[in-house]
Amino acid sequence: MKIIVPATSANLGPGFDSLGLALSLYNTIAITPASITSIQIIGEGKDNVRLKTDNIFVKIFSEILQSFDKKVECKFLFENNIPVSRGLGSSSAVIVSAIYAAYAYAKKPLDKDAMLNIAIKYENHPDNITPALFGGFNVAALQYSHKSTKNEITQNVLRITAPIPKDISAVVVVPNKSISTKLSRKALPKTYNLKDCVFNLSHSSLLTAAFLSHDWEKLRLASRDKLHQNVRMKNLPILFGLQKLSLNNGALSSTLSGSGSSFLNICYKEDSAHLCKVLQEAFPKFRVLELEFDNLGVRECKC
Ligand code: HSE
């Protein structure tokens, strides 16, 4: 069995913890039954010893199979193309693909909304796990419910997914330095003023409407943020120049991908080669990727 899972970009500027989309950059995991569990990694993370001794994919895959009363030993071959700790959803890709693989392995119904409600137990914010599961553009919100018998609060994810048409592309810039999501969340202000909150609410709503109506020109304004990007970009000030250069060279929007350090530029398809060239020349030490959007999310592949 082979599973393929896309990279994702969260926030899209103002949609903090709520908006995300999937990109045509993939990790694959080949799983074959074996007499003893073994792990092989190609690409990102291949030299990380911890990924072999304490592998989160294998842990989640085994936990879910155990919940189906199944215990298996397998050979796992990971081919990783999604950069790690760069805001491109590498952790979500691991969580989502492990859950999907366990359901497929156990021949259970592949109900992705059920899987989403499992994934949210492993990652607290739904803006990467949702597009990793469904592909496309996603709005996700948490619904909390209180189980009075056990006095515990459970959370479900409500989401709306829309496919992204082929007339727009992504140019993603991956810096050679990482920004930790955990640390950068801690660095955010504890309180915000009403004006900034209203700014983000209106821009995030406009951005969602722009994606649903394919009104790409609106992205130029709608992708602005006042809650998190500035604080985070100060950790890597070169990103301010990168954003400005992108917007001056065809990007409709240029936003910090999740908590960074990568940047997601959305542009018309015909502008992507030029934008890619300009960015690669200006930032020779960074990786610049010309990508499409993925509209399918995690799936089994015959590749
Ligand atoms: N939305 C998260 C953040 C990252 O900005 O911290 C992705 O879940």
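Counting starts at 1 for both ligands and their atoms, in listed order.
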Colleague: I'd like to check which ligand 1 atoms, numbered from 1 as shown, lie under 4.0 Å from a non-hydrogen atom of D127.
Modeller: 1 (N), 2 (C), 7 (C), 8 (O)
Colleague: Indicate yes or no: does E300 engage K2 in a salt bridge with an N to O separation below 4.0 Å.
Modeller: no
Colleague: Output yes when E73 and K75 qualify as a salt bridge under the 4.0 Å nitrogen-oxygen rule, no when they do not.
Modeller: no
Colleague: Using the ring centroid of each side chain, check whether F137 and F293 are separated by less than 6.0 Å.
Modeller: no
Colleague: Suppose we measure from atom 7 (C) of ligand 1 to each protein heavy atom; which comes out shortest, and what is that distance?
Modeller: N128 OD1, 2.9 Å
Colleague: Should R185 and D17 count as an ion pair when the cut-off is N to O under 4.0 Å?
Modeller: yes
Colleague: Any atoms of ligand 1 less than 4.0 Å from a non-hydrogen atom of D17? List them with their elements.
Modeller: 1 (N), 2 (C), 3 (C)
Colleague: Going by the closest heavy atom to atom 3 (C) of ligand 1, which one wins out of R185, E123, K182, H125?
Modeller: R185
Colleague: So if I count the atoms of ligand 1 from 1 in the order they appear, which ones are less than 4.0 Å from some heavy atom of N11?
Modeller: 1 (N), 3 (C), 5 (O)
Colleague: With a cutoff of 4.0 Å, is H228 in contact with ligand 1, counting heavy atoms of the residue only?
Modeller: no
Colleague: Looking at D113 and R159, is any side-chain nitrogen of the basic one under 4.0 Å from a carboxylate oxygen of the acidic one?
Modeller: yes
